[in-house]
Amino acid sequence: MTRHADFEMAAALHVSNGDCTDLAGTGLARHIIYWRDTLHEGPVPALPREELRRVRVAFLMGAGADDHAEGMRMFEHRDTTLEAHRDGEYVLWFEADLYDQLQIVEILSRLAELKVPAERVTLICIGEHPGIARFGGLGQLRPDQLAELPATGACAALTPAAFDLATRAWDAFRAPAPDGLPAIAADRSPELRFLGEAFERLCREYPSTRDGLSLTERRVLAAAAVEPDGGCTAGDVFARASAREARPYIGDTWYFATIDRLAGGPHPLLSVEPAGRPAGFATEVRLTRAGARVLEGAADHVTLNGVDRWIGGVHLTGRDVRWRWDEGRECLTGTST
């Protein structure tokens with residue numbers, strides 16, 4: 001790791017996506033905060049920080065996704081700690097997937113607002129690790145393996161260019177229209193190496209021009225279609241669909257929410273048993289006739305059932321949405337770029 005001589009990693013504020021990563025066990029980190037927000041789900045509009053916190057807390061609690069039952073306390077603690085350390089060094093430990101990349105751009109955008117010099121921020125970010133065939137995250141690594149990362153190419157002191165890109169990405173993500181997303185998806189930053197591919201994955205959550213499905217929704221239907229007669233469990237669907245992701249970023253909570261969404265509406269694409277309850281691992285899932293038609297591209301999910309979903313700052317509603325993902329041209333339609 002190349003850093004200025006007076007840098008002491010143990011004195012820095014270390015930030016990561018969750019406490020399954022044993023940063024304390026490395027001996028490198030004394031001051032640690034966790035960024036637990038699932039930004040790729042629910043509303044993330046361009047609001048003042050305090051108001052955005054309230055929006056995110058309400059959404060996560062309403063979705064049953066506040067795993068640590070921290071509510072507003074977690075958001076206030078992480079934000080005040082980040083700001084209080086503004087005269088010190090920061091070390092960010094993150095991964096390549098969309099979940100983490102959105103957290104990175106939020107944090108870097110905030111540090112830019114606080115006038116923290118970019119060179120006082122170190123980013124450790126990996127998308128793979130030797131000996132792990134399907135890398136799922138830093139939580140898979142032992143403390144001694146984590147402790148080796150600062151001496152590898154995964155570690156970089158950031159520059160103002162990285163701060164600028166992160167700020168543009170955060171603004172594009174929270175904007176009420178997705179016009180800025182394609183430029184971020186096309187960027188190939190040497191510092192924020194995984195940001196472009198993460199934003200392309202984000203774009204594929206817009207309804208497809210082919211069938212009105214997001215990529216996640218299509219993979220859920222395809223996973224349920226593997227056993228069309230006997231049905232399968234929501235746990236099976238979660239395992240099959242998540243295995244299709246190059247970089248897994250959606251946990252079981254959000255796959256089950258997707259199943260519930262696809263099982264609702266005037267023309268359900270899935271049937272679930274027991275009905276009337278939120279899907280869980282043992283919920284039985286079957287593809288409906290409407291679901292089979294949509295999966296074949298013979299019908300459009302948005303036209304049939306409408307949509308009511310937030311992607312960052314964009315609220316998709318109704319049966320005629322302006323922005324879609326064009327499968328043939330591999331780009332968003334309806335944008336000005």
For the pair Arg293 and Glu296, evaluate salt bridge (charged side-chain N to carboxylate O under 4.0 Å, His left out) and give the outcome as yes or no after the intermediate values.
-> CA-CA 5 Å; Arg293 292 187 68 241; Glu296 292 167 359; over 6 Å; no
Kindly determine whether Gln101 and Glu197 satisfy side chain to side chain contact (heavy atoms under 4.5 Å, CB included), including the steps that lead there.
-> CA-CA 10 Å; Gln101 295 300 304; Glu197 68 173 76; over 6 Å; no
Modelled atom types, side-chain donor and acceptor of Glu327 and Thr209, under 3.5 Å = no
Return each pair, listed once, that meets salt bridge (charged side-chain N to carboxylate O under 4.0 Å, His left out) where at least one residue sits in residues 302-320; pairs must be two or more places apart or across chains.
-> Glu205-Arg309
Which value, rounded to the nearest 0.5 Å, describes the distance between Glu200 atom CD and Leu98 atom CG?
-> 11.5 Å
Flag side-chain contact, heavy atom, 4.5 Å: Arg240 against Arg219 = no
To the nearest 0.5 Å, atom OH of Tyr206 lies from atom SG of Cys331 at 13.5 Å
Mark yes when over 12 heavy atoms from residues, nucleotides or ligands other than Arg289 sit less than 6.0 Å from its CZ; otherwise mark no.
-> no
Are Leu181 and Leu215 co-members of a hydrophobic cluster defined by side-chain heavy atoms under 4.5 Å apart?
-> no
Might you point out which heavy atoms bring Ala169 and Val105 nearest each other, and give the distance in Å?
-> CB-CG1, 3.9 Å
Charged N to carboxylate O under 4.0 angstrom, Glu106 versus Arg78?
-> yes
Does Phe194 have its ring centroid less than 6.0 Å away from the ring centroid of Phe94?
-> no
Roughly how far, to the nearest 0.5 Å, is the OG atom of Ser214 from the CH2 atom of Trp325?
-> 13.0 Å
Under a 4.5 Å cut-off applied to non-hydrogen side-chain atoms, are Val272 and Glu284 in contact?
-> no
Trp35 side chain near Asp79 side chain, heavy-atom distance below 4.5 Å | yes
Taking all heavy atoms of Ala12 and all of Val91, pick out the closest pair and write down the distance.
-> CB-CG2, 3.8 Å
Could you check if a side-chain atom of Phe173 sits within less than 4.5 angstrom of a side-chain atom of Leu202, using non-hydrogen atoms only?
-> yes
Close side-chain approach of Leu108 and Leu92, heavy atoms under 4.5 Å | yes
Beyond-backbone contact of Pro45 with Val55, side-chain heavy atoms, under 4.5 angstrom = yes
What's the verdict on side chain to side chain contact (heavy atoms under 4.5 Å, CB included) for Thr233 and Phe281, showing C-alpha distance, side-chain angles and the deciding distance?
-> CA-CA 6 Å; Thr233 67; Phe281 278 96; over 6 Å; no
For Ala224 and Val285, the nearest pair of non-hydrogen atoms, with its separation, is CB-CG1, 4.1 Å
Between atom CZ of Arg210 and atom CG of Asp300, what is the distance when rounded to the nearest 0.5 Å?
-> 10.5 Å
Indicate yes or no: at least one non-hydrogen side-chain atom of Pro207 is less than 4.5 angstrom from one of Val321.
-> yes
Between Ala241 and Ala223, the two heavy atoms sitting closest are N-CB, 4.1 Å
Taking all non-hydrogen atoms of both residues into account, name the closest pair between Gly212 and Glu217 and its distance.
-> O-OE1, 4.1 Å
Heavy atoms of Pro278 and Thr283 approach each other most closely as O-OG1, 4.2 Å
Any pair with a residue in residues 163-177 that passes side chain to side chain donor-acceptor pair (under 3.5 Å), sequence neighbours left out, goes on the list, sorted by first then second residue, please.
-> Asp164-Arg168
Say whether Ile311 and Leu102 are linked into one hydrophobic cluster, either directly or through other cluster members, by side-chain heavy-atom distances under 4.5 angstrom.
-> yes
Does atom CZ of Arg277 have more than 12 heavy-atom neighbours from other groups under 6.0 Å away?
-> no
Looking at Glu273 and Arg286, does any basic side-chain N land under 4.0 Å from a carboxylate oxygen?
-> no
Salt bridge flag under 4.0 Å for residues Asp211 and Arg324 = no
Supply the atom-to-atom distance Leu138 CG to Ser16 OG, rounded to the nearest 0.5 angstrom.
-> 5.5 Å
Salt bridge or not for Arg54 and Glu50, using N-O below 4.0 Å?
-> no
Worked check of side chain to side chain contact (heavy atoms under 4.5 Å, CB included) between Phe59 and Trp310 | CA-CA 11 Å; Phe59 169 72; Trp310 285 84; over 6 Å; no
Do NZ/NE/NH1/NH2 and the carboxylate oxygens of Asp19 and Arg36 come within less than 4.0 Å?
-> yes
Stepwise, does the side-chain hydrogen bond (donor to acceptor under 3.5 Å, both in side chains) test hold for Glu191 with Thr159?
-> CA-CA 8 Å; Glu191 298 167 272; Thr159 67; 2.6 Å; yes
To the nearest 0.5 Å, atom OG of Ser189 lies from atom CG of Leu158 at 8.5 Å
Classify the ring geometry between His129 and Phe135 as parallel (under 30°), tilted (30 to 60°) or perpendicular (over 60°).
-> parallel
Using a 4.5 Å cut-off on heavy atoms from C-beta on, say whether the side chain of Leu270 contacts that of Val220.
-> yes
In sequence, state the C-alpha distance, the side-chain angles, and the governing distance for Leu165 and Ile184, and then conclude on side chain to side chain contact (heavy atoms under 4.5 Å, CB included).
-> CA-CA 8 Å; Leu165 174 58; Ile184 305 301; 3.9 Å; yes
Answer yes if the side chains of Tyr99 and Arg247 hold a donor-acceptor pair under 3.5 Å, and no otherwise.
-> no
